[in-house]
Amino acid sequence: ITDFYQNEGFFEGRVQDADVRYNADRTEQTLWIKVHEGERYRWGKVRIEGDTREVPKEELYKMLTMKEGKWYERQKMVKSLEAMQNRMGSAGYAFSEINVQPVPNPQTKTVDFVLHVEPGRKVYVNQINITGNNKTRDEVVRRELRQMEAAPYDTSKLQRSKERVELLGYFDNVQF
């Protein structure tokens, strides 16, 4: 319910209380949900701050799907953050964080956002262990891997490696 309201422009939308009530012979239930929807908000300005020397801010700004003046949709922010974190992961920052600071303006009914990027330390892959494989030779799996040992961590290479191992058709379940 909260997601529904926040994807329809209600920035302050949330469930305040929920209660289940039974009828006298306990054959039916009634669910009472108290919702605070608040005012409907539009997107304001989105600003990116923090350490972005490996990934230029211009590139991160291109990943933002929200448009200033359109109705606020929380899902657009979530998808934009996922894309930004994947890009940071492709630059070797496996544990990057993007802290979101909303700045609602009740007078103009807009919400500005400050996205503070903290890349953390650059990560390198030390060793790749393959387990649960009893029949196929290890080198058959390793030749499909795009992420290499001693190389910087790269989320796009990990995803591609997983796809390639799945395409072999030898395994029921591939987990990275």
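Index from 1, following the sequence.
For Phe11, the ring pair (Phe, Tyr, Trp, His ring centres under 6.0 Å) partners two or more places apart in sequence, or in a different chain, are Tyr41, Tyr72. The side chain to side chain donor-acceptor pair (under 3.5 Å) test applied to Thr108 returns Asn105, Thr110, not counting sequence neighbours. With sequence neighbours left out, Arg21 forms a side-chain contact (heavy atoms from CB on, under 4.5 Å) with Asp19, Trp32. Gln147 is linked by a side chain to side chain donor-acceptor pair (under 3.5 Å) to nothing, counting only residues two or more places apart in sequence or in another chain. For Glu97, there are no side chain to side chain donor-acceptor pair (under 3.5 Å) partners at least two apart in sequence or on another chain. Residues satisfying the side chain to side chain donor-acceptor pair (under 3.5 Å) criterion with Asn99, sequence neighbours excluded, are Glu118.
Apart from Tyr124 itself, the hydrophobic cluster it occupies contains nothing, where clustering links Ile, Leu, Val, Met, Phe, Trp and Tyr at side-chain heavy-atom distances under 4.5 Å. As a member of the Ile/Leu/Val/Met/Phe/Trp/Tyr network built from side-chain separations under 4.5 Å, Val103 groups with nothing else and remains a singleton. Other residues sharing the hydrophobic cluster of Trp71, ordered by chain and number and joined by side-chain separations under 4.5 Å: none, the residue standing alone.
Considering only heavy atoms from C-beta on, Glu73 stays 4.5 Å or farther from Met66 through its side chain. Side-chain atoms of Arg47 and Asp112, non-hydrogen and from C-beta on, never get closer than 4.5 Å to each other. Using a 4.5 Å heavy-atom cutoff, the side chains of Lys70 and Lys76 are not in contact. Side-chain contact check for Leu115 versus Leu64: some heavy-atom pair is nearer than 4.5 Å. Using a 4.5 Å heavy-atom threshold, the side chains of Lys157 and Arg160 count as separate. When side chains are defined from C-beta on, Met63 does not count as touching Ser80, because their heavy atoms never get closer than 4.5 Å.
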I'd like to know whether Asn86 forms a side chain to side chain contact (heavy atoms under 4.5 Å, CB included) with Gln159, so could you lay out the CA-CA distance, the side-chain angles of the two residues, the decisive distance to 0.1 Å, and finally the verdict. CA-CA 10 Å; Asn86 284 338; Gln159 183 60 36; over 6 Å; no
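Residues Arg142 and Glu149 are paired through a salt bridge, judged by an N-O separation under 4.0 Å between the basic side chain and the carboxylate. Salt bridge status for Glu59 with Lys62: absent, with no side-chain N to carboxylate O gap under 4.0 Å.
Taking both residues in full, the closest heavy atoms of Pro152 and Lys122 are given as CB-CE, 4.3 Å, listed atom of the first, atom of the second, then distance. When all heavy atoms of Leu158 and Tyr153 are compared, the closest pair comes out as CD1-CE1, 3.3 Å.
The backbone N or O of Gly13 sits less than 3.5 Å from a side-chain atom of Gln6, completing a donor-acceptor pair. Side-chain atoms of Arg164 come within 3.5 Å of backbone atoms of Glu144 as a donor-acceptor pair (strictly under, hydrogens ignored).
Listed by first then second residue, pairs satisfying salt bridge (Lys or Arg N to Asp or Glu O under 4.0 Å) with a partner in residues 28-39 number zero, not counting sequence neighbours. Residue pairs satisfying the ring pair (Phe, Tyr, Trp, His ring centres under 6.0 Å) criterion with at least one member in residues 81-113, sequence neighbours excluded, are listed as follows: Trp43-Phe113.
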For residues 165-176, run the donor-acceptor check on the side chains, cut-off 3.5 Å, and write out each pair with its distance to 0.1 Å, sequence neighbours left out.
residue: Glu166; atom: OE2; partner: Lys162; partner atom: NZ; Å: 2.9

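Linking Ile, Leu, Val, Met, Phe, Trp and Tyr residues whenever their side-chain heavy atoms come within less than 4.5 Å leaves Tyr5 and Val78 in two separate clusters. Val117 and Val123 fall into different hydrophobic clusters, where Ile, Leu, Val, Met, Phe, Trp and Tyr residues are linked whenever their side-chain heavy atoms come under 4.5 Å apart, directly or through other members. Under a hydrophobic-cluster definition in which Ile, Leu, Val, Met, Phe, Trp and Tyr are linked whenever side-chain heavy atoms come within less than 4.5 Å, directly or via other members, Val46 and Ile98 are assigned to the same cluster. Hydrophobic clustering, with ILVMFWY side chains joined whenever heavy atoms are under 4.5 angstrom apart, keeps Val55 apart from Val114.
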